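Remarks on the structure that follows.
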Amino acid sequence: MRTKGSKKAAAKEAGVTAVDREHALHLLRSMILIRRFEAKCAELYSAMKIRGFLHLYDGEEAVAVGVLQALTPEDAIVATYREHGHALIRGVSPGAIMAEMYGKQEGCSRGRGGSMHLFDDRTRFYGGNAIVGGGLPLAVGLALADKMQGKARVTCCFFGDGAVAEGEFHESMNLAALWKVPVLFVCENNLYAMGTALKYSHAVQDLTRRAASYDMACEAVDGMDVSAVETAARKAVAFVRGGEGPYFLECRTYRFRAHSMFDAELYRNKAEVEEWKKRCPIETFSSRCREGGLISDEDLATIEREVAHEVNEAVAFAEACTWEPLEDLTRFVYSERRRP
Amino acid sequence: MRTKGSKKAAAKEAGVTAVDREHALHLLRSMILIRRFEAKCAELYSAMKIRGFLHLYDGEEAVAVGVLQALTPEDAIVATYREHGHALIRGVSPGAIMAEMYGKQEGCSRGRGGSMHLFDDRTRFYGGNAIVGGGLPLAVGLALADKMQGKARVTCCFFGDGAVAEGEFHESMNLAALWKVPVLFVCENNLYAMGTALKYSHAVQDLTRRAASYDMACEAVDGMDVSAVETAARKAVAFVRGGEGPYFLECRTYRFRAHSMFDAELYRNKAEVEEWKKRCPIETFSSRCREGGLISDEDLATIEREVAHEVNEAVAFAEACTWEPLEDLTRFVYSERRRP
Amino acid sequence: MSTSTHAMRKITYREAVREAIRDAIQKDERVFLMGEDVGRYGGCFAVSKGLLDELGPARILDTPLSESGFVGAGIGAALGGMRPIVEVMTCNFSLLAADQILNNAAVYLHMSGGLFNVPIVIRMATGGGRQVAAQHSRCLDGWYAHIPGIKVVSPATVEDARGMLWTALEDPDPVLIFENSGLYNMEGELAVDAGPVDIDSARIRRQGKHITLISYSASLIKSLDAAEILAREGIDAEVIDLRTLRPLDEKTFLESVGKTHRALIIDEGWRSGSISAEISARIMESGFFDLDAPVQRLCSVEVPMPYAKHLEDAALPQVDKIVDIVRSMVGANG
Amino acid sequence: MSTSTHAMRKITYREAVREAIRDAIQKDERVFLMGEDVGRYGGCFAVSKGLLDELGPARILDTPLSESGFVGAGIGAALGGMRPIVEVMTCNFSLLAADQILNNAAVYLHMSGGLFNVPIVIRMATGGGRQVAAQHSRCLDGWYAHIPGIKVVSPATVEDARGMLWTALEDPDPVLIFENSGLYNMEGELAVDAGPVDIDSARIRRQGKHITLISYSASLIKSLDAAEILAREGIDAEVIDLRTLRPLDEKTFLESVGKTHRALIIDEGWRSGSISAEISARIMESGFFDLDAPVQRLCSVEVPMPYAKHLEDAALPQVDKIVDIVRSMVGANG
Ligand SMILES: Cc1ncc(C[n+]2csc(CCOP(=O)(O)OP(=O)(O)O)c2C)c(N)n1
Ligand SMILES: Cc1ncc(C[n+]2csc(CCOP(=O)(O)OP(=O)(O)O)c2C)c(N)n1
Ligand SMILES: [Mg+2]
Ligand SMILES: [Mg+2]
């Protein structure tokens, strides 16, 4: 077993810096956190601790992790119902997320939202939207507000390939391009909208062509490769923050698990899923890093240990949280005080 | 003054046939019918015989006239609130149209629809839709029905440049291209949606690019030139009827009058309107035909006389029509008998 | 609940809807089913599971996520001679198609002076109770019932789940069928040869004399359960299943109130401007002098549906609340 | 109708709305107006005419025809710190934005457990009477009032047209303002220094003792006219302007009915499941024992609006009908 010092030396040999190493560990750790956290969610769903709809991000972790590297704390995020990963990586507390799924009042949305509606004002995490395509106009508006207020902030909006067929997608793309507002559209193209494959949803399946038809800057990237996603996202965010208008980043990825806990997966065959699993963003990145001498097996074990601890802490926190009193049922229909 | 025979001879000399001549007269007569019919409508609006919204087609006549030449009686039409021309040329009786605008029960929609909602089942004229973009999904569905029933019919859907920004446009284009249904989309691009110029509505102002982004066959044509429109429409209809899928035909045109009777036209200047008036589809076509020897001044006079008569007849008919009894107010909310 | 003397079998509400769709497609070549994930996925509530294989892609049409587009296309197909069954996954997403439903389906017949009717059937899941939170839990049956030009039906029994669809397809005008998602797993007895049922009248699902409980869809089941409990206490409730919310069969509930002199309406919709308000107002207008006590309503609490189970339960009408209100109404002025 | 002692001036409802917009934009740099044709065209009802020149394109924003897109963008801008006034030309087109209004604006605060409120104001024209037929004539004020999470106001006077907007903008939650298009040309007296007015209470616009007429928006004007006619016959009607349809100020009308013992609700919305049904139901529930006669409603006939004037007139509530109903109500049981 190598010591910490010798690891650094090995990395140096391979021509990588400590910064690279730290960053690789960070990326890997982030992806593993999502994966393990969600595996626990699935378990808790079976144990009936979590209810309602639960959409897992298995296989797509490189997208959230890669993209969110490019954002700064003042930026805003609009996500979908498949947003545990985005919330975790954005820095929403795992305990608060887990408590939310338990329906406890210490949850990040006070137990009112559940899995599909994670919110956090501190990190400008604007949800958690369970209407496909519904977040896109909001993102345009958040970006419009920034533009009007002369703030160099970016709004980053995640949505799926299915959302691209919605009218709201078109209206949002046109408005964003017309008004040149600072929004980064991230299309998580996992080839399926529930059970409907891309080819049954879109006349043209290269989704960057949709963006290009508004003269919007765009790029497609391998969504299974976290570094590639990060690089593309940094370029995109620089463009947007520079005031050059919106940007469309398509991340080509795949969902390893069912759409939700109710999905019998009749619409795709096992072989296809297995084929994609070979491209698992965690495995591929982890092997690459280990081969390149950036990280060691021990690092991986440490990450797994730490993540397991973090997940367990989140569960323990959620378990210990409390139920909102019934008398409070009608709160938050309207605000309790005027906002300044 | 030449005789009928000598006119024919002159046309022969110019290398044109009797068929050409008949057709030229037909096109010219059609455009003039729309123009004069609508001038009368404007007059009757001032006289308060016609009420509600009234949208005139002045300047755009070549579009409806050109396109409708390409259709056969079994085809279907879906139009907008600016549809007097389309209805007239499709063969809806001018009297019934005028009576409709009077609100009389002999009107083509029984006085229930008014100017924006002309309907006719005999000619498969499906209205008259006053929701911008609202007719596009209907057209896709009509075409889908034809495809499902194995009928080689075409559905022709008219809409404006403004409608292209609506979500329903996007959804309809994608569905039509995905399902390859026999629909001809005719975009009447008159550069304005009410008072909002194209450049304030669309990030990309070449609207054929919107269609192309769905891999839909498309073409832009000079909408002030009735022959060009007809040629393009015939090509498009042949394509659609041949089962090759939908087609997008953009007709670049201009509205000479205000958007509706309430429009103060603050958003464009007189000079621009005057410039476009030089390209008046009636004037240009008529001069061309006369210069080419296809038609004579006398022909034109005859047309004007006949059209004036037809318009007067329509008004006389409408005047003589009757009011639906008040007791019938609640009819046509639901059907009175089951349809077979 | 069926009064048929024929052989009976057990069936779920979900299966009953599936049978109705299969039967309609086999019976009439103009009928087809379209919607998101109705084919390869088998329907988001597994209603159409298996139908794609059985009936083929020409009759079971998966659509992209384009609610306005495919509902509008359904209207167009109806105008073009077909008899589409359009599935919108839940009524919450039907808001994306509200334009097509209100601005086209509901008004085409009228705007055209009777020329063009729209024989479309739009099915959607409705209701809460499954912890799917604010954007997925609305009960909008009553809200849509405000709109002239459409018909709104809310089947509460397997018999109606099986029988209303065909009648709706035969109707020349647009019919919206609201299937409460809480009912899909409900089992019931259905006649082996069950067929179409009318879609224009209410039914008395339980005879009684002390009070009339007026309800529909999932709340009807709760009302019937409450009536059983009340019966043990000697309170004999008559339970009416509205079945169709537009047009409303007021005759049935007015006659019942004429007999019982008391009424409680149980409605999963929010209270303000609900269909239950309409029923109360109709009784006010036409049954005022029959009343021994004011008509009461039990509706969903006026709050977007919270995720947490205890809050959701508290937001929805429940059997114990029905029982409590009835007790107070009958006790106080009995 | 104002009770102010200040200097008064004549102003139209349209001008009052315009002044309110101008004032809000000048007062608060976060406020802007966006919508179709609000700028260069001057607004489809000429409400914002001149404002683009006065206030510039950063504050008066023309949008493409994308109701869902720009209403959603307004919600986003509100979340992002702005105070957007979004104009949807008429409530008929708001159906294209129903998803954003219901699935986002109305539920964001709740879904986020109180974290994110949406301070947006959405203005739209409503109502019929101008012969613009079925797709342009709906009165949906009451329909939207069914939805928790939004507030719904319907100004009927120049004072409210002038004063409600600022209060709505100060409200932390989404407020929908319905401007009846039949009122834009109405002239009224307004205090020179008129300012904000509350948006949570009803007003008694006319004191009376024989019957309570409950109404809002354009129908209020008709109710007041009817009250004048009735007064000449010795029937003294109290006339209530609801002003806000959600949340509903029931106290005001319940107290009035407690005094008059009779009520007629006049509502331009369709009858079934209307806000007038809600009011009748509330009186049933909380004022039943005050009543000398059943509460009645006069609503629009349940028909998509026909174009022909005589039919449209017959479809809408009218002064003579109000007078007739009141006569029958007061006469029969007086
Ligand atoms: C407007 C709307 N329609 C339908 C649904 C039901 N639904 C939830 S997720 C989903 C598929 C979305 O696919 P995609 O956008 O590709 O995202 P993914 O789930 O693949 O991440 C559907 C149809 C919904 N939530 N909202
Ligand atoms: C959904 C909708 N939004 C707004 C309107 C109001 N409106 C009527 S016509 C029109 C402009 C449409 O422009 P375009 O599509 O270019 O057609 P044109 O009038 O130029 O023929 C608008 C905004 C409407 N009727 N429907
Ligand atoms: Mg997907
Ligand atoms: Mg135009």
Side-chain angles (χ1 to χ4, degrees), chain B residues 50-53 81 100-105 107 109-117 127-134 160-169 192-198 200-203 259-260 262-268 323-333, chain D residues 35-46 48-50 52-53 57 61-72 89-90 92-97 99-100 128-137 181 184 270 300-316:
Chain B
I50 299 178
R51 296 279 80 196
F53 285 144
Y81 46 86
E100 184 58 35
M101 297 200 219
Y102 269 66
K104 300 284 183 83
Q105 62 180 332
S109 312
R110 222 184 160 91
R112 304 259 171 171
S115 157
M116 303 196 287
H117 304 298
N129 202 310
I131 301 298
V132 175
D161 49 290
V164 172
E166 292 280 8
E168 293 188 345
F169 169 82
Y192 290 90
M194 276 183 68
T196 302
L198 200 61
Y200 299 117
S201 277
H202 296 285
H259 167 74
S260 73
F262 295 107
D263 171 8
E265 286 188 81
L266 305 168
Y267 49 85
R268 63 181 187 182
W323 304 109
E324 194 173 358
L326 279 186
E327 307 82 74
D328 287 354
L329 173 60
T330 54
R331 289 182 68 189
F332 316 118
V333 182
Chain D
E36 290 159 13
D37 292 303
V38 295
R40 295 164 188 88
Y41 188 93
C44 62
F45 290 100
S48 51
K49 200 162 164 178
L52 175 64
D53 285 343
L61 200 56
D62 275 326
T63 67
L65 275 145
S66 307
E67 283 79 4
S68 210
F70 70 77
V71 169
M89 288 183 164
T90 82
N92 307 280
F93 316 148
S94 79
L95 297 170
L96 285 150
D99 169 52
Q100 288 298 326
R130 297 174 310 119
Q131 285 195 259
V132 288
Q135 291 180 328
H136 275 65
S137 301
S181 59
Y184 282 126
W270 291 302
S300 280
V301 175
E302 303 210 40
V303 55
M305 194 61 78
Y307 162 74
K309 181 161 172 41
H310 67 300
L311 296 178
E312 182 173 46
D313 284 347
L316 292 167

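Chain identifiers are assigned alphabetically (A, B, ...) following the order of the sequence lines, protein sequences preceding nucleic acid strands; residue numbering begins at 1 within each chain. Not measured: the values here are computed from a predicted model. Computation of the quantities below employed the complete heavy-atom set of this structure, encompassing side-chain atoms and omitting hydrogens, waters and symmetry-equivalent molecules.
Between chain D and the options B/Met101, B/Glu265, B/His202, heavy-atom pairs under 4.5 Å are most frequent for B/Met101. Ranked by heavy-atom pairs under 4.5 Å with chain B, the first of D/Gly69, D/Ser66, D/Ala133 is D/Ser66. Note: B/Gly162 leads B/Pro325, B/Ser260, B/Gly162 in heavy-atom pairs under 4.5 Å with chain D. Top candidate by heavy-atom pairs under 4.5 Å with chain D, chosen from B/Val333, B/Thr330, B/Leu329, B/Leu266, is B/Leu329. If you tally non-hydrogen atom pairs under 4.5 Å between each of B/Val132, B/Thr196, B/Val164, B/Asp328 and chain D, the highest count goes to B/Thr196. Chain D forms the most heavy-atom pairs under 4.5 Å with one residue out of B/Glu166, B/Arg331, B/Arg112, and that residue is B/Glu166.
Interface remark: D/Val301 contributes side-chain atoms only to the contact with chain B (heavy atom separation under 4.5 Å). Proximity to chain D (any heavy atom under 4.5 Å) is shown, for B/Tyr192, by neither the backbone nor the side chain. Within the 4.5 angstrom heavy-atom criterion, no atom of B/Leu198 approaches chain D. For B/Ala163, the part lying near chain D is the backbone, with the side chain staying farther off; criterion is any non-hydrogen pair under 4.5 Å. With a threshold of 4.5 angstrom between heavy atoms, B/Met194 approaches chain D through its backbone and through its side chain. Only the side chain of B/Glu168 comes within contact range of chain D, with heavy atoms under 4.5 Å apart.
When every heavy atom of D/Gln100 is checked against every heavy atom of D/Val71, the shortest pair comes out as CB-CG1, 4.0 Å.
Geometrically, D/Arg40 engages B/Tyr200 in a cation-pi contact, judged by NZ or CZ lying under 6.0 Å from the ring centre and within 45° of the ring axis.
Contact of the D/Glu67 side chain with the D/Leu95 side chain is not registered, since no non-hydrogen atoms from C-beta on lie closer than 4.5 Å.
You'll find the ring centres of B/Phe262 and B/Phe53 inside the 6.0 Å limit.
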